[in-house]
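Since the model is a prediction, treat every value here as computed from it, not as a measurement. All residue numbers refer to positions in the sequence shown, counting from 1.
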Amino acid sequence: MRKTFPLTLNSILFLAGIGSLFTRHLIPCAICFLLDSLLFIWTFRTERPPRLPDPGEELEALRADLSHRIEELTADNQLLTSENEQLLAALDQCRHRQAQVHYAGILYDCPLTSALPVCLDTFFKKYLNSHLSPPERERLRPDYSCAAPDAVTYLSESALMLICGNIFDNLSKFSPLTESVYIRITSTEEDSLIIFKNEGKGPAESELERLFDLNYQGINKKTGCGLGLTQVKALLDDYGGHIWAKSVNGSGFALYIQLPEQPSNADREESGNCGLK
C-alpha cells in the first residue's frame, strides 16, 4: 500500500520522459528519466531485516527460567513433605493415645468417682494397714506422712486402690531392701498432691517421657508388661488429675500425683465426714 504512490509517480515520469523524447526535448527527457530512476531506486531499496534474537541468549534465559521454576517446585515439595510428616506424626500420636486410653480404660473397669468424699489420710492408713500383706510391708517398709489430714477427693476408693497397687508394684521392684518407700500427702486450696518416692535406681531421665506409654518397660525392666503406669495415667486423665515422674540415676525415683477434688454436685457432703465408701 505504501508503494502505490511512488509507482504511480514513476509511471508518470516515465511517460513524460517518453513524450519528451518523441518531441525531441532532450533536457526535460533526461530530467524525467533521472528522477524516474532515482524514485524507482528509493521505492525498491533493500530494507534491513529485523534483528533476530541471539540463540545463545535465548537459551540462557530459558535455562534461568527453568532453574527458577525447579527451585520453586523443590521448595514447595519440601514444604509439603514437612507438613505431611508433621500430620502423620500427629496422627500416629493420636492413634497411640487412643489405643492407650482404650486399652487402659478396659483394664480399669471400676467406678471412676464416688458419690461421697473420700478422705485421703483415712484411705492411705487403711490401705497400708489392711491391703498390704506382711511380706509386702516388710519389702516396701512404707513411711507414710500426711500434712493435709482434711484433704478429700471424689475419686472412688476402688480407683485409688488400683492406683496404689500399680505404683507400689512398680516401686517395689527397684526399692533397696534396706530403704523405705515414702508416701507423702499435702494439699493446696484446690488440689491434693500425693508423692511416692524410693531411694532405688529408677529409670534414666531420658526415659521419663515414655514411662507412661503403653507396654513400655524401660531399660532396667524386671517383670511385668508395661501396663500399670499407663493404666494409672489413663484413669487420672479421665478424672482430671495429672501424674509425672522424677528420677535421679542411682539415688531415687518419685511419682507425683496432682488430684483435684472434683466434688459431685448431686451428693456433696461436708469434707469433715471423711469416710470410705
Engineer: Once rounded to the nearest 0.5 Å, what's the spacing between atom SG of Cys164 and atom CG of Leu128?
Structural biologist: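 Here the rounded value is 7.5 Å.
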
Engineer: Donor-acceptor check, side chain of Arg184 to backbone of Asp143, threshold 3.5 angstrom: yes or no?
Structural biologist: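 Looks like yes, one N/O pair under 3.5 Å.
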
Engineer: Run Glu136 and Phe168 through side chain to side chain contact (heavy atoms under 4.5 Å, CB included) and show every step you take.
Structural biologist: CA-CA 9 Å; Glu136 288 176 324; Phe168 282 131; over 6 Å; no

Engineer: Going by heavy atoms in the side chains, are Leu112 and Leu235 under 4.5 Å from each other?
Structural biologist: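 Leu112 reaches Leu235 side chain to side chain.
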
Engineer: Side chain to side chain contact (heavy atoms under 4.5 Å, CB included), that's the test. Do Lys197 and Val181 meet it? Break it down for me.
Structural biologist: CA-CA 6 Å; Lys197 186 178 183 300; Val181 171; over 6 Å; no

Engineer: Tyr154 and Tyr239: aromatic ring centres closer than 6.0 Å?
Structural biologist: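 No, the ring of Tyr154 stays outside the 6.0 Å limit from the ring of Tyr239, centre to centre.
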
Engineer: Say whether, by atom type as modelled, one donor and one acceptor occur between the side chain of Ser130 and the main chain of Lys126 under 3.5 angstrom.
Structural biologist: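 Pair found, side chain donor or acceptor close to backbone of Lys126.
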
Engineer: Membership question, hydrophobic clusters at under 4.5 Å side-chain separation (ILVMFWY): are Ile195 and Ile243 in the same one?
Structural biologist: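 No, Ile243 and Ile195 fall in different hydrophobic clusters.
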
Engineer: Search all heavy atoms of Pro260 against all heavy atoms of Gly240 and return the closest pair with its distance.
Structural biologist: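 Residues Pro260 and Gly240, closest heavy atoms: CG-O, 3.5 Å.
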
Engineer: Is any side-chain heavy atom of Leu140 closer than 4.5 Å to a side-chain heavy atom of Asn198?
Structural biologist: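 No - every pair of side-chain heavy atoms lies 4.5 Å or more apart.
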
Engineer: Establish whether Leu132 and Phe123 are linked, either directly or via other cluster members, by ILVMFWY side-chain heavy-atom contacts under 4.5 Å.
Structural biologist: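 Yes, one cluster joins them.
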
Engineer: Given side chains that start at C-beta, do those of Phe196 and Ile257 come closer than 4.5 Å, heavy atoms only?
Structural biologist: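 Phe196 vs Ile257: side chains touch.
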
Engineer: Side-chain contact test, heavy atoms from C-beta onward, threshold under 4.5 Å: evaluate it for Tyr182 versus Pro142 and give yes or no.
Structural biologist: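 Side-chain contact under 4.5 Å: no.
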
Engineer: Give the minimum heavy-atom separation between Pro111 and Ala159, together with the two atoms involved.
Structural biologist: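 Nearest pair, atom of Pro111 first, then Ala159: O-CB, 3.9 Å.
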
Engineer: Look at atom CD of Glu190 and say whether more than 12 heavy atoms of other residues, nucleotides or ligands are closer to it than 6.0 Å.
Structural biologist: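 No, CD of Glu190 has 12 or fewer neighbouring heavy atoms, counting only those of other groups under 6.0 Å.
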
Engineer: Given the ring of Tyr144, does Lys125 sit roughly above its face, with NZ or CZ under 6.0 Å from the centre of the six-membered ring and within 45° of the axis?
Structural biologist: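 So Lys125 doesn't make the cation-pi contact.
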
Engineer: To the nearest 0.5 Å, what is the distance between OG on Ser187 and CD on Glu261?
Structural biologist: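 Going from OG on Ser187 over to CD on Glu261, the span is 10.0 Å.
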
Engineer: Hey, quick one: are Val232 and Tyr256 part of the same hydrophobic cluster, counting side-chain heavy atoms closer than 4.5 Å, chains of contacts allowed?
Structural biologist: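 No, separate clusters.
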
Engineer: Please evaluate residues Ile70 and Leu73 with respect to the criterion side chain to side chain contact (heavy atoms under 4.5 Å, CB included), reporting the C-alpha separation (whole Å), side-chain torsions for both, the decisive distance (0.1 Å), and the verdict.
Structural biologist: CA-CA 5 Å; Ile70 290 175; Leu73 290 173; 5.6 Å; no

Engineer: Indicate the atoms forming the closest heavy-atom contact of Ser192 with Val152, along with that distance.
Structural biologist: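 Scanning both residues completely, I find the closest heavy atoms to be OG-O, 4.2 Å.
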
Engineer: Using a 4.5 Å cut-off on heavy atoms from C-beta on, say whether the side chain of Leu155 contacts that of Val118.
Structural biologist: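 Sidechains of Leu155 and Val118: no contact.
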
Engineer: When you group the ILVMFWY residues by side-chain heavy-atom contacts below 4.5 Å and let the links chain together, are Leu193 and Leu120 in the same group?
Structural biologist: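 Hydrophobic grouping puts Leu120 apart from Leu193.
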
Engineer: Could you tell me if the side chain of Ile194 sits less than 4.5 Å from the side chain of Ile163, heavy atoms only?
Structural biologist: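 Not in contact.
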
Engineer: Is there a side-chain contact between Leu162 and Gln231 in this structure, where contact means two heavy atoms from C-beta onward sitting under 4.5 Å apart?
Structural biologist: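 Heavy-atom side-chain distance check passes, below 4.5 Å.
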
Engineer: Test your reading of the model: is there a side-chain donor-acceptor pair from Thr188 to the backbone of Asp191, 3.5 Å cut-off?
Structural biologist: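 Side chain of Thr188 to backbone of Asp191, a donor-acceptor pair under 3.5 Å: yes, one is there.
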
Engineer: To the nearest 0.5 Å, what is the distance between SG (Cys146) and CG (Asp121)?
Structural biologist: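 That separation rounds to 4.0 Å.
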
Engineer: Closest heavy-atom contact between Ser114 and Leu116?
Structural biologist: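 Heavy atoms of Ser114 and Leu116 come nearest at OG-O, 2.7 Å.
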
Engineer: Under 4.5 Å between any side-chain heavy atoms of Lys246 and Phe253, yes or no?
Structural biologist: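 With C-beta onward as the side chain, the pair stays apart.
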
Engineer: For the NZ atom of Lys233 and the CG atom of Asp238, what is their distance to the nearest 0.5 Å?
Structural biologist: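 Atom-to-atom, Lys233:NZ and Asp238:CG are 10.0 Å apart.
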
